[in-house]
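As structure tokens, the structure follows; a few thoughts come after it.
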Amino acid sequence: ALLAPAAKPLAGRHILITSGPTHEPIDPVRYIANRSSGKQGHAIAAAAAAAGARVTLVSGPVTLADPAGVTTIHVETASAMLAAVERALPADAAIMAAAVADWRVAREGTEKIKKDGSGLPPALALVENPDILATVGQLGPARPKLVVGFAAETENLIANAQAKLARKGADWIVANDVSPETGVMGGNANTVRIVSKDGVEDWPLMDKAEVARRLIERIAAHFAP
Ligand code: CTP
Ligand code: CA
């Protein structure tokens, strides 16, 4: 006889998710950030909780409510996000959906930077932020069994996603085309492809909640005995 599919296929699993942008302060009133609503990462957290997982969501600044049934940790910067992720380990799966700012200023000003009247802009020295996905993907024994990253690209989607898969030690990359004409940024829909060592799987245009459910289904299938 066919068995009914488990209603809570991720029961007993811990899923760690990052979402939203990070904000890197320049001075007390200014910051560097990526565009990210957090909609996709938060939807994945909600879907994972609905599938019975214990979920830790490390979120940058977003206007979304904390998903019900999810432990949400609020952070501002990439460094704080990495620290929160490391504290939340171990996890069975890590899904790094945050749009982490690639750079922060080398020296955060303690006072507001003032225009000096010369008409010349201040020189901001930047340093690269830690790569949270690459850190988690390349952990030793503490590495989650399944590590999933995202690649938002405006061109060369598959090649860039494959390069990220290898460079960051991820198992899957959820690749999405964010060129302005797609309306993905800030919108409710997403067209994604799942890139892994086994190839590329194209998913049709779906809303972000549906992308989240399908991704969680795929993760549950991965963990199924
Ligand atoms: N990521 C991360 N930490 C960073 C940068 C990126 O965890 N400092 C993660 C993102 O959460 C995402 C994946 O890496 O899952 C790809 O992010 P992306 O910005 O596309 O990759 P980068 O390596 O920063 O490359 P790019 O130069 O294209 O921005
Ligand atoms: Ca980046």
Side-chain angles (χ1 to χ4, degrees), residues 15-25 31-45 48 55-62 72-89 91 93-106 126-139 142-144 146-180 182 184-186 190-197 200 208 211-212 215-216 218-219:
I15 311 283
L16 173 58
I17 298 165
T18 65
S19 184
T22 65
H23 286 182
E24 312 296 331
Y31 58 81
I32 298 172
N34 275 36
R35 278 189 210 284
S36 171
S37 64
K39 282 176 186 166
Q40 188 63 81
H42 277 56
I44 293 166
V55 182
T56 305
L57 174 65
V58 181
S59 175
V62 294
T72 304
I73 300 163
H74 296 270
V75 298
E76 202 82 21
T77 64
S79 301
M81 185 172 276
L82 174 61
V85 162
E86 286 175 332
R87 273 195 301 274
L89 289 168
I95 307 166
M96 307 284 90
V100 181
D102 291 308
W103 305 280
R104 66 180 183 277
V105 297
L126 302 180
V127 293
E128 197 169 306
N129 269 330
D131 190 312
I132 300 161
L133 172 60
T135 303
V136 171
Q138 290 159 4
L139 282 174
R143 183 189 187 276
L146 185 66
V147 176
V148 182
F150 274 71
E153 307 288 349
T154 58
E155 55 182 5
N156 304 326
L157 182 63
I158 298 303
N160 281 328
Q162 281 165 337
K164 283 173 187 171
L165 184 77
R167 192 170 75 235
K168 297 172 186 249
D171 298 297
W172 306 346
I173 292 282
V174 181
N176 63 340
D177 182 346
V178 293
S179 10
T182 63
V184 163
M185 295 299 298
N190 214 347
T191 310
V192 306
R193 290 137 191 250
I194 308 295
V195 178
S196 73
K197 64 171 172 16
V200 180
K208 289 177 180 177
V211 171
L215 184 64
I216 289 302
R218 205 175 192 283
I219 290 171

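The residues of the chain are indexed from 1 along the displayed sequence. Small disclaimer: the values here were computed from a predicted structure and weren't measured. Note: hydrogens, waters and symmetry copies are ignored here, and every other heavy atom, side chains too, is used. Ligands are counted one by one from 1 in listed order, and the atoms in each one are counted from 1 as well.
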- Query: Is there any N or O on Ala151 that sits under 3.5 Å from an N or O of ligand 1?
  - Reply: no
- Taking N or O atoms only and a 3.5 Å limit, does Gly149 qualify as a polar contact for ligand 1? no
To check your reading of the model: name the closest protein heavy atom to [atom], its residue, and the distance in Å.
| atom | result |
| --- | --- |
| atom 14 (O) of ligand 1 | Lys168 NZ, 3.0 Å |
| atom 3 (N) of ligand 1 | Ile132 N, 3.0 Å |
| atom 13 (C) of ligand 1 | Phe150 O, 3.0 Å |

- Report the part of Pro130 (side chain from C-beta onward, or backbone N, CA, C, O) that has a heavy atom under 4.0 Å from ligand 1; answer both or neither where that applies. backbone
- Query: Does Asp102 come within less than 4.0 Å of ligand 1, judged by its heavy atoms?
  - Reply: yes
- Message: Tell me whether Arg167 reaches ligand 1 (any heavy atom closer than 4.0 angstrom to a ligand atom).
- Response: yes
- The atoms of ligand 1 lying under 4.0 Å from a heavy atom of Ala98, numbered in the order shown, are 10 (C), 11 (O)
- Taking only non-hydrogen atoms of Leu133 and a 4.0 Å limit, the atoms of ligand 1 in range are 2 (C), 7 (O), 9 (C), 13 (C), 14 (O), 15 (O)
Kindly say whether [Y] contributes a backbone atom to a donor-acceptor pair with the side chain of [X] at under 3.5 angstrom?
| X | Y | answer |
| --- | --- | --- |
| Gln138 | Arg167 | yes |
| Asn176 | Phe150 | no |
| Glu24 | Ile32 | no |
| Thr18 | Ala97 | yes |
| Thr22 | Ala101 | yes |
| Glu153 | Ala175 | no |

- Message: Any protein heavy-atom neighbour for atom 21 (O) of ligand 1 (distance below 4.0 angstrom)?
- Response: yes
- Message: Evaluate Val195 against Lys164 for side-chain contact (heavy atoms from CB on, under 4.5 Å), listing each step before the verdict.
- Response: CA-CA 10 Å; Val195 178; Lys164 283 173 187 171; over 6 Å; no
- Item | From Leu133, Val75, Val58, residue fulfilling side-chain contact (heavy atoms from CB on, under 4.5 Å) relative to Val85 | Val58
- Charged N-O contact under 4.0 Å between Arg143 and Asp171: yes
- Message: Out of Lys164, Met96, Met81, who is nearest to atom 15 (O) of ligand 1 when you count heavy atoms only?
- Response: Met96
- Task: Check each of Asp131, Leu165, Val178 against atom 1 (N) of ligand 1 and report the one with the nearest heavy atom.
- Result: Asp131
